[in-house]
Each structure stands twice: as C-alpha cells, then as structure tokens.
Number of protein chains: 2
Amino acid sequence: MNEEETVVTPWEVKGKLDYVKLIEEFGTKPLTKEIIDKLKSISGGQHHLMIRRKLFFSHRDFDLILNLYEEGEKIVLYTGRGPSGPVHLGHYVPWIFTKYLQDVLHAKLYFQMTDDEKFLFHRNLTLKETKKYTIDNALDVIAAGFDPKKTKIIVDSENISYLYKIALKVAKNITFSTMKAVFGFKASTNIGLIFYPAIQAVPAFLEMELTGERTYTLIPCAIDQDPYWRITRDVAAKIGYTKPASIYNKFFPGLLAEGKMSSSIPESTIYMTDRDEDVKMKIMNAFTGGQPTIREQREKGGNPEICTVFQYLYFLFEPRDDKIREREKACRKGEILCGECKQYLIDKIIKFLGEHRKKRKRAESLLDKFLMK
Amino acid sequence: MNEEETVVTPWEVKGKLDYVKLIEEFGTKPLTKEIIDKLKSISGGQHHLMIRRKLFFSHRDFDLILNLYEEGEKIVLYTGRGPSGPVHLGHYVPWIFTKYLQDVLHAKLYFQMTDDEKFLFHRNLTLKETKKYTIDNALDVIAAGFDPKKTKIIVDSENISYLYKIALKVAKNITFSTMKAVFGFKASTNIGLIFYPAIQAVPAFLEMELTGERTYTLIPCAIDQDPYWRITRDVAAKIGYTKPASIYNKFFPGLLAEGKMSSSIPESTIYMTDRDEDVKMKIMNAFTGGQPTIREQREKGGNPEICTVFQYLYFLFEPRDDKIREREKACRKGEILCGECKQYLIDKIIKFLGEHRKKRKRAESLLDKFLMK
C-alpha cells in the first residue's frame, strides 16, 4: 500500500484526515456533550448546525470560556484570513459559526487580515495584490453578518501601529528553536516568516492592551492554526495577558477528493463570487459515492460517506436533520441518483451565493466602518 | 602571551582594535586622499577635524555619493541610536560629523531610534524605559544642531507604520542562514532580534518610498554597524531601491583602557549630561601614557599614543593641528605632566558640555518638530 502521508500545518493540508488522531497529535480536546450542551443552554436555542454535524469538533479551554462568560467576564472573539486569493466556502464556513458566537457571547470580534504573512510566504505575491485581496475578502467577511459596532477588521500591514509593540513583547519570548520545532522552519526560511507568528499572536491580546481590562479571547478557526495558539498561549502569562482559548473546525471538503479545499485547484472549490454557471459545472463534475451505472446505483446503492456532494449538504446546505437522514438512506438504497443530488445541491448553492452576492454588495458601504483606523 | 581576542559586532566591541585589519575583515575601503580632497572641495572649506584626525577612516561607496552629489543627485543621510541609556561622547561624536555632512551635501537626514532592537536585546529593559531614553537621547541628537527642516527622528516602535511594509520586502529576501552568518544568531536567539535587521534597513530606502524619487542614501556611523549595511545593500536592488553608501568612524576611546567606550562602565565614558564634578573625577582618574613619577616623566617623557587624555584632545577637544603637535612633542619630551593635560582637557570638556547643556535645553521646544509624525 502506498498511502499518502497526512500533513497538517498552517501552510499545507494534504492526505486523508483522521480528526481523532489530529486531536491527539495537536494535544487539543474533543468538544464533549457537556460542553456543547452548555453552549446550547447559553444560546437559548438549539445546537448550531456546525456543532450538530461536528464541523467544529475540538478546542482548547472553550469550556473555561463558557464558564467565564457565565460569570460575567468579557469575552472577545478573534479570527482571521490570509488574503492571497478569493474566499471560498471552506474559508467562509467558520465565519458563519463565528458570527453565531458573536451573537451568543455578545462579543467584540477582531478579524485579522494577515496580508504580511501571505506576502512573505508566496514568492511572487506582491503587497499590491494582497491589498486587492484584502479589500475583496473583507467584503465576504462583512457579508457574513458580523455586528459593525462590535467588529474590527485589522489589516496587518495597515494597522501595524496597533500591533508592533505587543508583537515585540511576544517575539522577545520566542526563540528560533521553538519556531523550528512548532512550524518546521528551516535555515532557508525568510526572517519575515520567522517573526510573523508574533504578529498573529497580537489580536489575542489587543483588547486587553487597548482597554486595560482583563478580557478573555476565544479563537474560532480551522485546526491547522493550532500551532500559532500553542505559542501564543505559552507566551501570554509571561507578558501579562490571559491565555486565548480556541475552538476548531474540520476542513470543509473539496469537490474532487478528500482533504481540505484547495485554492490551487479552482475546480475543487466553490468561491463566494462564483457565477451560477461555475457552480453548475463544478458540482456536476464533483466526486460522488455513486456507482458507475444507473443500474448498479439502483441495485447496490451509493456511498454517501465518501461523496463530496453529500458532505456539502451535510455540513452546510441541508440543515434539517430529518431530511439529511432521509437522503442518506435513499442514497444507500439506490433510490436516488447522483444527478438528482447534484441538482439539489446546485439549487441550494446558487440560492446561497445569490443571497451572499446581495450582502456583499451592501458590505461595500460598510467597509469603512469595519476597517480598523 | 594571553592576548585578549578582538571582537567587533553591533552588540560587542572588545579587545585591542586594529582598524587596518578591521577594514580587511569587513571588506570596506579606506578613505583615500582623493576622496577626502573631493569632500573638502565640495565643502568649500578645510578638511573636517574628524577626517584630518582619521576618526572617520573607512567607507562603502562614499566616493560614488560625492560623484552623485556633483551630478546633482539628491543625497539622503541616515544614522541612528539605540536608546538603552544616556548618550555619551562616543555616540555623540559621529553626529557632529553627520551634521557637517548635512550642511555640505544639503541633505535630508533620517535619524532612527532603534528602541525595538534595544528592547529585544536587553532581557530586563522594558518599552517604558526605552521610551524614556528615546526622548532623553533625542534631545542630545537635536542639540547636535541638525536642520529642523531637513531632519526626521524615526522612533521604530512609534513610527512602525512608515517602516513595516518596506521591512516586509527586505525580510522576504533574507534567510535565517544569512542572519546566522552575518550576525552570529543562534537557535536560542529570539525571533524579534532575527527580524530586526529588516527594520534597521528601512530608513535607507524611506525617502525613495515616500517621495517616489530616486535618491541616494549615505550612512555615517561606527564601523560595527557595517554588517547591517552589507545585508541592506544586498537586498536593495532586488526590491527596487538604490544601494546605501556608508562612511565609518572608529570607536571613540574609553578613559580606562583601549576599545570602545562602554556604557556598562560609567567611569570609562563622559556622558553628555555629566555634571562638572563628574567630568573632573573621570578625567582625573583617566588612564594616561605618563610615567609613574614626576621625575621619570621629566626624564623619559610620556607616551601619548596610549594616553586616553591625549586621544580625547586629538579626536575632539584640540582642533588646532599646531597645538596638538606641540602638545604631543612636549609630552614626549617630558615638558608637561599628566595633571596639566588633564586639567586642560577638563576645562575643554566642561566648556563643551556647558554649551551642550544649553542646546539640549533649547532642544526641548524643538522635539515635536523633529519627531516623525
């Protein structure tokens, strides 16, 4: 067997993902029933779709954050985006949950645009290009519905005056050895990338720095970002801030094969700005768990567990639990064909993106309000 | 013989300095007669004291700068100071020459306060302390007489918004390997210090960035800063800027032994804010080339070449060439005693610091004008 190696770092996610193993490897904790029930109780509603379907699955100190919230402490949210291309569903999905957390925890959100990191990482990417993507991506962020009064988008290269002094304090407490061990940096790594994790740590402390209050930061993001928070948590106490907590999502599936959606293969992803034709073409070509022929499909049934169309419905586009169960059963029994599921998904995505398009248009006039000054 | 090893890096200067060897090691060039004559001709006056006495002794492309100036190109000066303590004569002396260059070349000056580097380097130094020293030191800088219309003091941590994007471009083109080779950084070096040379490079490019014009930067500074400019020069063309040139001074002698003045031994240095009593005490205790007894001094004469009092007079406090020659001769012949020389120097320093004190007082009201906004 020539099994593909699984790699999960902030720059690379490849191979078949075993999330149980990932939790062990990263040293994070699974979201237990007790914790998700508490979140539900605080929310006053039902379990969020992304909790029910276990898209968010792991955490560091999320239980403590809920306790602190109940005790009346101020919770601050922090997440971000590396603006090196257009936003796709894989990026967008955690923002939906972050918006939910903002509502539930009445929390201020710092949203970091890590244009510096993207510039430093991609050989041919210029600061002009990252600037273009920063504005483009910010519209998608705003379209996710964050509270304009409680949300600040930090653009690293533009807002560095807020970040640098705190980054210096962080950097003073991290050696190159640690960077090597945590991120696999080499002697050939550029010194910007080596310093950069200090910048990514800062928004976890920014509210405390700006207000002088003791607050508690919660970071919802994909699991590949955990190495940053390990470093950030290690340094926090040494420089007088509280340790940030985190809650992690799995990677949103790609349309072609297993693993994270990849921006380098446009066909594997649905971009937030895709046209209806793009959506149709991509979903029609998506990898499914169906049989090679209609006859075989009717006889043997499909395999929803490996079907990307089913996963799209499962994680986002079929929020009703009864309906997703019915669809799964019908697929396994061969009662529905892949074409039907694809058409169902296409309609859902086109509707979703159509609404997003309107929100994105409205976001243009809000941009100035959201950007940190 | 247990000879002390000579070490010259931006953080450490120890041992007996052989400046000819240092030029070879660093790969810089000596200031030739042709070059200093050209500077004299441009200045329309005499050779500057610090050129005559060879305190400034080496360079990179200083000859090109003079040619470019004659061709009508815009020359920009850049120097700086690490604000980790009070300013002493060793720091101040190159500023006198920089002020001269500003007048001769009609040049704008960027003066960088590297508070970030000092914070990152000194384990126990806080940003609050570097801030205090930044303001304190800036008064000495201004007192050196720079043109308020043509001089901007950059405080790294405060003015980072001007510096960061350019620093990113620099940093993207420097690997940890290079840092290791040039600065001797180790795996245990903190990631702030590893990144910092990118920040120190920036003011060499700032005028071009801010104006969009092609300008040429000249950096007058002590020879130990050369490693920074080697890096900066290597990167310049890759990121679209002209290579900075540099002109280097020797270390101003200490009062106790050979080598650079050291801030860690207050008795070895004259601070710009020393009181008259301090000056008297320090010079009276200074190391001289005199004989142990008056009789021996009268018989054998002294050794001005190892005398710190003579060096102080030579490099700064006895600008008249005829007088310094007379004094040297008189010393060698035993015609004057160390006490006389010391008293002469004390009077000169007290007068010099007295005037500086007044200029420093006036500088308080100019501070705001000088600081980059």
Side-chain angles (χ1 to χ4, degrees), chain A residues 114-128 130-131 155-183 185-201 209 231 235 239-240 372-373, chain B residues 114-128 130-131 155-183 185-201 209 231 235 239-240 372-373:
Chain A
T114 62
D115 60 341
D116 45 0
E117 191 247 342
K118 291 299 165 189
F119 168 74
L120 291 165
F121 185 72
H122 295 285
R123 192 71 239 162
N124 295 317
L125 195 67
T126 64
L127 284 171
K128 206 174 156 187
T130 57
K131 184 165 193 171
V155 183
D156 283 351
S157 74
E158 299 292 331
N159 300 126
I160 188 66
S161 58
Y162 286 102
L163 311 178
Y164 191 59
K165 283 185 199 174
I166 307 175
L168 289 174
K169 290 188 212 173
V170 174
K172 190 171 177 173
N173 286 284
I174 307 177
T175 64
F176 180 68
S177 284
T178 302
M179 289 291 104
K180 234 168 74 172
V182 174
F183 294 104
F185 287 158
K186 297 174 190 147
S188 61
T189 303
N190 78 56
I191 60 169
L193 274 179
I194 294 171
F195 177 67
Y196 170 73
I199 297 280
Q200 184 156 328
E209 188 65 25
I231 298 273
V235 169
I239 58 176
M372 194 121 174
K373 285 290 159 343
Chain B
T114 63
D115 61 341
D116 44 1
E117 191 247 341
K118 290 300 166 189
F119 169 73
L120 290 165
F121 184 72
H122 295 285
R123 192 71 242 163
N124 296 318
L125 194 69
T126 65
L127 284 171
K128 206 174 156 187
T130 56
K131 186 167 191 166
V155 182
D156 283 351
S157 75
E158 298 293 330
N159 300 124
I160 188 67
S161 59
Y162 286 102
L163 311 178
Y164 191 59
K165 284 185 197 174
I166 307 175
L168 289 174
K169 291 188 210 174
V170 174
K172 191 172 177 172
N173 286 284
I174 308 177
T175 64
F176 180 68
S177 284
T178 303
M179 289 291 103
K180 234 167 74 171
V182 174
F183 294 104
F185 286 159
K186 297 176 190 148
S188 61
T189 303
N190 78 55
I191 60 170
L193 274 180
I194 294 170
F195 177 68
Y196 169 74
I199 297 279
Q200 184 157 329
E209 188 66 24
I231 299 275
V235 169
I239 59 177
M372 194 122 174
K373 285 289 159 348

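Chain naming here is simple, since letters A, B, ... match the order of the sequence lines and numbering starts at 1 in each.
Both the backbone and the side chain of A:Ser157 come within contact range of chain B, with heavy atoms under 4.5 Å apart. Both the backbone and the side chain of B:Lys169 come within contact range of chain A, with heavy atoms under 4.5 Å apart. The part of A:Ile199 that comes within reach of chain B is its side chain, from C-beta onward, which places non-hydrogen atoms under 4.5 angstrom from that chain. At a 4.5 Å heavy-atom cutoff, the contact between B:Ser161 and chain A is made by backbone and side-chain atoms alike. Interface residue B:Phe119: backbone and side-chain heavy atoms are both found under 4.5 Å from chain A.
Of all the listed residues (A:Ala167, A:Ala187, A:Ser188, A:Ser177), the one sharing the greatest number of non-hydrogen pairs under 4.5 Å with chain B is A:Ala187. For the set B:Asp156, B:Ile160, B:Asp115, B:Leu193, the entry with the most heavy-atom pairs within less than 4.5 Å of chain A is B:Ile160. Comparing B:Asn173, B:Thr178, B:Leu163, B:Leu168 by heavy-atom pairs within less than 4.5 Å of chain A, the highest count is held by B:Leu168. When A:Asn159, A:Val170, A:Leu127 are compared by the number of non-hydrogen pairs under 4.5 Å with chain B, A:Leu127 comes out ahead.
Counting heavy atoms from C-beta outward, A:Phe176 and B:Phe185 have side chains that stay 4.5 Å or more apart. Between A:Tyr196 and B:Ile191, every side-chain heavy-atom pair lies at or beyond the 4.5 Å cut-off. Residues A:Asn190 and A:Leu120 form a side-chain contact, since some pair of their non-hydrogen atoms from C-beta on lies under 4.5 Å apart. Using a 4.5 Å heavy-atom cutoff, the side chains of A:Phe183 and A:Ile231 are in contact.
Partners of B:Lys373 by salt bridge (Lys or Arg N to Asp or Glu O under 4.0 Å), not counting sequence neighbours, listed by chain and number: B:Asp368. Residues forming a salt bridge (Lys or Arg N to Asp or Glu O under 4.0 Å) with B:Lys118 (at least two apart in sequence, or on another chain): none.
Using a cutoff of 4.0 Å between basic side-chain nitrogens and carboxylate oxygens, B:Glu158 and B:Lys131 are scored as salt-bridged.
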